Undergrad: 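One structure, as structure tokens, below. Some questions next.
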Amino acid sequence: RSESSDTSFITKMKNTNRNVVVFYGSQTGTAEEFATRLAKDASRYGMKGMVADPEECEMEDLTKLTEIENSLAIFCMATYGEGDPTDNAQELHEYLSNGNDKLTGLRYAVFGLGNKTYEHYNSMGIFVDKRLEELGAERVFELGLGDDDANIEEDFVTWKEKFWPAVCAYFGVEATGENVN
Ligand code: FMN
């Protein structure tokens with residue numbers, strides 16, 4: 001663990017005035033790219049986003065996200081193997097599986113990345129979405145599922161074009177249509 005990663009993502013969000021954090025579980029970069037795009041999009045909707053690698057974060061800090069006003073956690077999660085998380089999302093998976101932290105009030109949304117030709121289609125995205133709800137978090141928009149066997153880019157764009165207006169309505173913020181940062 002490098003020194004810079006010792007700073008909690010919550011501290012970083014507070015210090016840089018951000019309210020949206022986009023976590024990604026990615027092996028070959030697609031989920032990371034989607035996460036980066038979502039974090040950038042945020043500024044067009046009156047929010048401010050940043051990307052975070054779950055491997056470099058203390059996931060327990062999710063319990064503190066509600067300290068930030070109008071905060072939202074987005075998860076872009078790819079599935080591998082037998083429905084497994086990516087390497088960088090192993091700890092996040094363990095935290096959600098074994099942890100008993102109450103995540104009451106945490107606002108979240110999940111976009112899963114998978115491929116229909118695999119038996120365990122999108123299991124990681126499905127798991128994260130379901131488990132967060134079980135732990136008391138509030139889903140602000142329905143789970144999106146991208147299928148790499150067809151057109152995952154199109155699946156993602158279709159999802160996020162509905163996602164952002166829903167987020168605006170949820171938080172009562174207006175889309176500016178412009179990037180402000
Ligand atoms: N998708 C699934 O839905 N279930 C799987 O079990 C699954 N296993 C995979 C195993 C391998 C070796 C590869 C290359 C892909 C697999 N996929 C599976 C598809 C990936 O999740 C999908 O291509 C995703 O977009 C990759 O995201 P990434 O580039 O962020 O790692």
Side-chain angles (χ1 to χ4, degrees), residues 1-2 4-5 9 12-13 18 20-45 47-59 61-62 65 71-99 103 106-135 137 139-164 166-167 179:
R1 205 173 277 266
S2 73
S4 60
S5 67
F9 69 88
K12 197 173 164 194
M13 288 176 80
R18 285 162 215 269
V20 178
V21 56
V22 193
F23 295 103
Y24 58 87
S26 188
Q27 204 81 359
T28 60
T30 321
E32 184 176 5
E33 191 217 309
F34 287 1
T36 305
R37 286 161 65 185
L38 285 168
K40 276 201 187 136
D41 282 349
S43 70
R44 282 194 270 131
Y45 299 93
M47 329 257 300
K48 228 179 148 198
M50 70 172 209
V51 172
D53 182 347
E55 197 168 44
E56 293 177 1
C57 294
E58 293 297 340
M59 293 320 301
D61 287 345
L62 276 177
L65 194 66
S71 57
L72 171 66
I74 309 174
F75 297 83
C76 293
M77 310 305 300
T79 299
Y80 276 85
E82 305 280 304
D84 300 325
T86 57
D87 292 342
N88 79 315
Q90 303 263 358
E91 282 172 38
L92 167 62
H93 184 261
E94 268 163 46
Y95 171 73
L96 293 176
S97 303
N98 313 323
L103 297 176
L106 170 73
R107 276 101 171 233
Y108 77 95
V110 180
F111 185 83
L113 294 85
N115 181 316
K116 275 223 165 78
T117 61
Y118 290 89
E119 189 190 338
H120 301 273
Y121 177 59
N122 252 312
S123 353
M124 184 57 185
I126 292 165
F127 168 78
V128 171
D129 182 66
K130 176 171 151 275
R131 192 63 190 138
L132 285 169
E133 183 179 49
E134 284 171 2
L135 294 171
R139 184 187 292 109
V140 305
F141 191 64
E142 70 200 44
L143 168 68
L145 296 180
D147 177 14
D148 204 16
D149 186 46
N151 191 337
I152 201 166
E153 166 67 22
E154 202 175 286
D155 294 339
F156 175 62
V157 170
T158 303
W159 179 81
K160 84 185 179 87
E161 277 173 2
K162 293 197 196 116
F163 165 73
W164 283 116
V167 170
N179 262 300

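Atoms considered below: every heavy atom in the structure, side chains included; atoms not considered: hydrogens, waters and symmetry mates. Quantities reported herein were computed from a predicted structural model and do not represent experimental measurements. Read the numbers this way: they start at 1 and go in the same order the structure lists the ligands and their atoms.
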Undergrad: When the ring planes of H93 and F127 are compared, do they come out parallel, tilted or perpendicular, using 30° and 60° as the limits?
TA: tilted

Undergrad: Please output the side-chain donor-acceptor pairs of residues 75-86 that fall under 3.5 Å, not counting sequence neighbours, one pair per line with the distance.
TA:
| from | atom 1 | to | atom 2 | distance (Å) |
| --- | --- | --- | --- | --- |
| T79 | OG1 | S123 | N | 3.3 |
| T79 | OG1 | M124 | N | 3.0 |
| D84 | OD2 | E82 | N | 3.4 |
| T86 | OG1 | S26 | N | 3.2 |
| T86 | OG1 | N88 | OD1 | 2.6 |

Undergrad: Show the nearest heavy-atom pair for residues A73 and L65, with the distance to one decimal.
TA: CB-CD2, 3.8 Å

Undergrad: Could you pull out all residues at least two apart from Y95 that satisfy side-chain hydrogen bond (donor to acceptor under 3.5 Å, both in side chains)?
TA: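 For Y95, the residues satisfying side-chain hydrogen bond (donor to acceptor under 3.5 Å, both in side chains) (neighbours in sequence not counted) are D101.
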
Undergrad: Under 3.5 Å, side-chain donor or acceptor atoms of residues 110-119 against the rest of the protein: list the pairs with distances, not counting sequence neighbours.
TA:
| from | atom 1 | to | atom 2 | distance (Å) |
| --- | --- | --- | --- | --- |
| N115 | OD1 | T117 | N | 2.9 |
| N115 | OD1 | T117 | OG1 | 2.6 |

Undergrad: Give the residues near ligand 1 by chain and number, with the criterion being a heavy-atom distance under 4.0 Å.
TA: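 Heavy-atom contacts below 4.0 Å: S26, Q27, T28, G29, T30, A31, A78, T79, Y80, G81, G83, L113, G114, N115, Y118, H120, Y121, N122, D148, I152.
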
Undergrad: So which atom in A42 and which in G49 form the shortest heavy-atom distance, rounded to 0.1 Å?
TA: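 Residues A42 and G49, closest heavy atoms: CB-N, 3.7 Å.
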
